[in-house]
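No experiment lies behind these values; they were computed from the predicted model shown. Side chains are part of it too, since the values below use all heavy atoms of this structure and drop only hydrogens, waters and symmetry mates. Chain letters run A, B, ... following the sequence lines, proteins first and then strands; every chain starts at 1.
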Number of protein chains: 2
Amino acid sequence: MDDPDLRRKAETLRAVAHPARLALLRALARGARCVSDLQKILGVSQPSLSQHLQALRRERIVDFCEDGNLRCYYIARPTLISALCGLILREHKVVRRPPEEIRCEGRRRRRG
Amino acid sequence: MDDPDLRRKAETLRAVAHPARLALLRALARGARCVSDLQKILGVSQPSLSQHLQALRRERIVDFCEDGNLRCYYIARPTLISALCGLILREHKVVRRPPEEIRCEGRRRRRG
DNA sequence: TTGACATATTCATATATTCGAATATTCTGA
DNA sequence: TCAGAATATTCGAATATATGAATATGTCAA
């Protein structure tokens, strides 16, 4: 089972799954920004930021438009990213389910 | 800027961002399953599956309870994971914003 | 107690990611 | 045309991740 669709989804997630890129998206969620502004906001080196932007561009998560010398980056998949950021940046409760409550769906069961 | 909170969030995302683990979670979303059932469903080798489960356990994304010989895995953060899977497994439209529409939030602007 | 099953761990290797340094490209203003 | 700013690319080293093979552990049934 090597589902190309799942592989693409995983690649998209991977692109987001980095602290600097999460910070980047959080910043872009508040509005389009040029690279040097982003650099100041994030406090990473210019080449590093450029590489992170490239990773996000590859997955079509961000895009930019040119404004003279500047490139204003914006989020190219707002529905996905705003939901994703909203989700991940929140805390989520961890449940612990007792054995009695678990119905293992498979054919194998011992007791029960 | 090295935000430990963002780092943890990124680690959680990374744990999910793998095709086999996405398939795993999709399967578990339909109900708890023991390892050998998961193995049949996913078609990966037993050690490989075990390692993927370990990765998800480390992030408290899944947990298990023992049923004799079997370990029934279940999703330990249902709100996070169901939303995340729901999101990522859907297609999301890509927008392309024209320059006129972009207001770069920073202090730098050339024309406009 | 033994054998078979279910699952986990370890190890080695292959591969991918990250980060910094150096360099290249493109645009703008003088 | 030139200098400088903004951004991108390339490269190499360090590190992390993935994968398969071999092995270990724990449990059940006989």
S.K.: Nearest to the side chain of Arg57(B), which nucleotide is it out of dA8(C), dA6(C), dA8(D)?
M.R.: dA8(C)

S.K.: Under a 4.5 Å cut-off applied to non-hydrogen side-chain atoms, are Leu56(B) and Leu25(B) in contact?
M.R.: yes

S.K.: Between dA6(D) atom P and Leu53(A) atom CG, what is the distance in whole Å?
M.R.: 15 Å

S.K.: Name the closest nucleotide to the Arg14(A) side chain, picking from dT9(C), dT7(D), dT17(C).
M.R.: dT17(C)

S.K.: Could you state the CZ-C1' distance from Arg33(B) to dT7(C), rounded to the nearest angstrom?
M.R.: 17 Å

S.K.: Name the closest nucleotide to the Asn69(A) side chain, picking from dT18(C), dT7(C), dC27(C).
M.R.: dC27(C)

S.K.: Is the shortest heavy-atom distance from the side chain of Arg96(A) to the side chain of Tyr74(B) under 4.5 Å?
M.R.: yes

S.K.: Taking His92(A) for its side chain and Ile81(B) for its backbone only, find out whether a donor-acceptor pair lies under 3.5 Å.
M.R.: no

S.K.: Across the strands shown, which category fits Gln54(B) at heavy-atom distances under 4.0 angstrom: base, sugar-phosphate, nothing?
M.R.: sugar-phosphate

S.K.: Counting side-chain heavy atoms from C-beta on, which of dT7(D), dT18(C), dG20(C) comes nearest to Ser45(A)?
M.R.: dG20(C)

S.K.: Starting the side chain at C-beta, find the nucleotide from dA8(D), dC19(C), dA6(D) nearest to Leu70(A).
M.R.: dA6(D)

S.K.: Would you tell me if any nitrogen or oxygen in the side chain of Arg71(B) comes within less than 4.0 Å of OP1 or OP2 on dA8(C)?
M.R.: yes

S.K.: Does any part of the side chain of Val35(A), heavy atoms only, come nearer than 4.5 Å to the side chain of Ser50(A), both counted from C-beta?
M.R.: no

S.K.: When you get a sec, tell me which of dA6(D), dC11(C), dT7(C) is the closest nucleotide to the side chain of Ser36(A)?
M.R.: dA6(D)

S.K.: For the pair made of CZ in Phe64(B) and C1' in dA6(C), what is the distance, rounded to whole Å?
M.R.: 13 Å

S.K.: State which of dA21(D), dA8(D), dT10(D) makes the closest approach to the side chain of Ser50(A).
M.R.: dA8(D)

S.K.: Taking CD from Gln46(B) and P from dA4(C), how many angstroms apart are they, rounded to a whole number?
M.R.: 18 Å

S.K.: For the pair made of CG in Leu38(A) and P in dA5(D), what is the distance, rounded to whole Å?
M.R.: 20 Å

S.K.: Starting at atom CD of Glu66(B), determine the distance to atom P of dT27(D), rounded to an integer number of angstrom.
M.R.: 7 Å

S.K.: Nearest to the side chain of Pro47(A) - dA18(D), dA8(D), dT7(C)?
M.R.: dA8(D)

S.K.: Within less than 4.0 Å of OP1 or OP2 of dT7(D), is there a side-chain N or O belonging to His52(A)?
M.R.: no

S.K.: Testing Lys9(B), Arg77(B), Arg8(B), Arg60(B) one by one against Glu91(A) for a salt bridge (charged side-chain N to carboxylate O under 4.0 Å, His left out), which residue passes?
M.R.: Lys9(B)

S.K.: Which nucleotide in the list dG20(C), dA8(C), dT7(D) gets nearest to the side chain of Tyr73(B)?
M.R.: dA8(C)

